[in-house]
Every structure is written in C-alpha cells, then in structure tokens.
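The figures that follow rest on heavy atoms only: side chains count, while hydrogens, waters and symmetry mates do not. So that the names make sense, note that chain A is the first sequence line, chain B the second, and so on, each numbered from 1.
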There are 2 protein chains.
Amino acid sequence: MASRIGVGALSIGVLAERTRMSKSGLFAHFGSKEELQLAVLRESQARFAEVVLRPALRLPRGLGRLRAMVINWLDWTRAVNLPGGCVINAAALEFDDQPGPLRDEVRNSLLALRRTLAETVAKAVETGELRPDIDIEQFVFELNGIYQATQQNRRLFSDPDADHRALAAFDRLVRDHAVIQQKE
Amino acid sequence: MASRIGVGALSIGVLAERTRMSKSGLFAHFGSKEELQLAVLRESQARFAEVVLRPALRLPRGLGRLRAMVINWLDWTRAVNLPGGCVINAAALEFDDQPGPLRDEVRNSLLALRRTLAETVAKAVETGELRPDIDIEQFVFELNGIYQATQQNRRLFSDPDADHRALAAFDRLVRDHAVIQQKE
DNA sequence: GACACTAACGAACGATCGTTCTATAAAGTG
DNA sequence: CACTTTATAGAACGATCGTTCGTTAGTGTC
C-alpha cells in the first residue's frame, strides 16, 4: 500500500480492512499513525539491505561488486514486489520539507545507502580499477541521478529502454573514471 | 501549499481558510477536488515555461542555450518561490502508478519538457558543438538524472555543493559528447 | 427597471480520519 | 490453579474530508 499510494497517504482504516483486522486491533500494535509509518520505512530499509546490498557485498570488492550493486538497486522493487516503487525514495520527496521523525528516518536511510555506495566505490579504487584522484561524493551523486532517471522513465513513461539507458549512463560514468588502459 | 505537502494532500478546507474564503465559495470555482489539482498542475507548468524555457529560448541556439536552460531548470523553484520544490516533479512520483487525469497531466508536462530539451540538444548538434552521432534521448535521460539528484541533495540533505555537483556532472556530459577540438 | 448571470456564502450531508476506552478471549507464568 | 500479559474486538469520540443545496449580493444586459 505504501508503495502504491505513498507513506503519507496510508490510512489505518483501509489498512485494517485489507488485513481483516479491526481498526483498533491493528492500531494497538503501533500506538500512532506516525509509528506505523516509521515501521513501514524501517521494514522497507531492511528488505533493501537484504535484496540489494547483501548479495552484492558477497562478491569480491571492485568494479564487479559496484556494478552488481547498481543493477540490484535499479530494479529491486520488482524483486521484492513493490508495484509502486521504492517506498523510501517516494517518501524522500514527500517529506523533504516536513521536519519530523519521518523525514529523519528517510534521511538516515538514504545516507546509509550513500555511505555504502561510497565505500564500494572506494574499494574499486583500491583494486586499481578506478582512478585514485576520483571524487567519490560526485561519483555517488551521479549514481543516484542514474537511479532516479531510470525510475521515472520506467514508472511514469513505461520506457522499455530504461534499463539500457541506465547501463549506458553507468558505463560512461565508469569509463570516465577508470584507470587508463595502456595500449600494448 | 501543493509544493510543500504535495498535490495529493491538498485540502479544500485548509485552502479556503488560507485564502479567507468559504469552502463552498472556493469549491465552486473548480467543481471537484481533482479539477483543482489539475488547475494547480497547469499553473505550475505555465510558470515553468515562463521562468525556465522562455528566457533560455531567447538566447542563440547551441550549447550556451542548453546550458542556460539547465541552469534555469536546476533552481527555478527558488525563482518562483516554491519552497517545497517542483510541484509536477513531486506529483510524478505520487501518481506514476495511479491512472487518471492527474497522472496524464503530469506525464504530458514532463514529456513536453523532454521534447524541448531534446530540441535544444539537437540544435547544439546543428551548430557543430555536439557530435552528430549523439543519442539525444540518452542525453536528455542523463540531464534528468542530474536534475533529480540535485534536487534530492539540496532538499533532503541541504547539501551546499549540490549546484557545484550538478555543473560538474553537466560538464562531464557535454565533454563526452562534444566535437573533439583539434590541437593546433 | 426586469432579468439573467456570477461569485460567494452558511449550513448541512455522509464518509472517513486518527484515536481512546472498555471488554474479552487466549497465552504465558508463578 | 490464580494471575498477568498480550492480542484483538467493538463502540464511540471529535475533527476533517469532499460535496451538495439553497440563498444572497452584486454585475451586466435587454
């Protein structure tokens, strides 16, 4: 539900109906609507770590791991069956100017993702695949851009080329920062 | 209001209060909440064309115009005093999986923007500044990525470097597709 | 001056919102 | 067994939702 209509539009009444519970019975588990929303965000983050990060982090460090992580990221909502897209990403736009626990939760989630991405990039520098003078923050910034653009193309425009475009952008990003191969 | 809380969260009651009108008086101008939301989206698009596109289209075609358009785009919401960011862009994420007139309106707005961007890029090819074999759709895709990433960095993370990052990404995009300068 | 049209209003509608309170049945614990 | 804890339920709360209705004041038109 949160994926389809957004975390902010969640309604305890409708939610109780769908779970075949009473409103008050369901409500008792959370104590407030905000706590319920927070629980949804946390659950979403947990699934993300499980489906996107964990498999990639089992691969050997370097460009291969980074690439796998990005690919997992790009359509993890399909793997987890979130038909309305990433809950946290949608919540980011919804709450970015509404101070409170929800915005904080979203911000922390996305910050954690950025840190993980940055570390993964850093390790691709260590392996000698990416240049040591790379601006890692800038690199992650552009990765995020690729993700956002892909989601919009896929979800709003049903663009069948979205994946292909994303990979092209990723390859260009990597190529521009790769260690120059010496011609033999 | 739409900028801050989203088009979907608009409430006629609150809106009437802020405009110092009666609920029914305000309501009569639109006939339904959905029509009001559509009016907001259309108004937003009109301002966008006025503030972002028109000034850029008065510049001579080519890379300069493209660059101006992107720069206008990146912080047009400041110029128009939309403290919650672009209404249409937020609505895109909100309605991308909810069929209906609102989603159609959003889609058409963003499609129009993409067309304008594509034409502007095409003219930078005509002037000989960008390579003729360029994939224009891909170029626009990446422009959109830069915009989305910039907004998130600015709005959610209050990143003071967002503008700088955006320009760096834009320059890299242009450099990779520019006509190669012959060394003399 | 009669008439039509427009804009705005206040009151009310049924529906749904998040929340609180009380009750009940089941499960766990000594 | 008695006792506490936990999960769920039902009823009701005041508030707000989008919408409808009838009315009134103003404005333009013949």
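Atom-to-atom, CZ of B:Phe27 to P of D:dC21 comes out at 11 Å; the value is rounded to the nearest Å. Separating the CZ atom of A:Phe30 from the P atom of C:dT20 is a distance of 16 Å, rounded to the nearest angstrom. A:Met21 places its CE atom 10 Å from the P atom of D:dA7, with the value rounded to the nearest Å. Between A:Gln37 atom CD and C:dG18 atom C1' there is a gap of 11 Å when expressed in whole angstrom units. Rounded to whole angstrom, the span from the NZ atom of A:Lys33 across to the P atom of C:dG18 amounts to 4 Å. Distance, A:Leu15 CG to C:dC17 P: 10 Å, rounded to whole Å. One can place CD1 of B:Ile12 at 12 Å from C1' of D:dT16, the figure rounded to the nearest angstrom. Atom CD of A:Glu35 and atom P of C:dT19 are 11 Å apart (whole Å).
For A:Arg107, the CZ atom sits in a packed shell: over 12 heavy atoms of surrounding residues, nucleotides or ligands are nearer than 6.0 Å. The local environment of CZ in B:Arg54 is sparse, with at most 12 non-hydrogen atoms from other residues, nucleotides or ligands closer than 6.0 Å.
Distances were taken from every side-chain heavy atom of B:His29 (C-beta onward) to each of D:dT8, C:dG18, C:dA7; the shortest belongs to C:dA7. Closest to the side chain of A:Ser22, from the set C:dC9, C:dC17, D:dT8, is D:dT8.
In this structure the side chain of A:Arg114 reaches within 4.5 angstrom of the side chain of A:Asn144, judged on heavy atoms.
Within 4.0 Å of A:Leu10, counting heavy atoms only, lie sugar-phosphate atoms of the nucleic acid but no base atom.
Each of A:Asp163, A:Asp161, A:Thr77 was compared with A:Arg154 under the side chain to side chain donor-acceptor pair (under 3.5 Å) criterion, and only A:Asp163 meets it.
Residue A:Ser24 places no side-chain N or O under 4.0 Å from the OP1 or OP2 atom of D:dA9.
The CG atom of B:Leu167 sits 5.5 Å away from the CD1 atom of B:Ile71 when rounded to the nearest 0.5 Å. Atom OG of B:Ser109 and atom CG of B:Asp104 lie 11.0 Å apart (nearest 0.5 Å).
Residues B:Ala92 and B:Leu110 approach most closely at CB-CD1, 3.8 Å, considering heavy atoms.
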Produce the list of close N/O pairs, under 3.5 Å, pairing protein atoms with atoms of nucleotides 12-14 of chain C; give distances to one decimal.
none

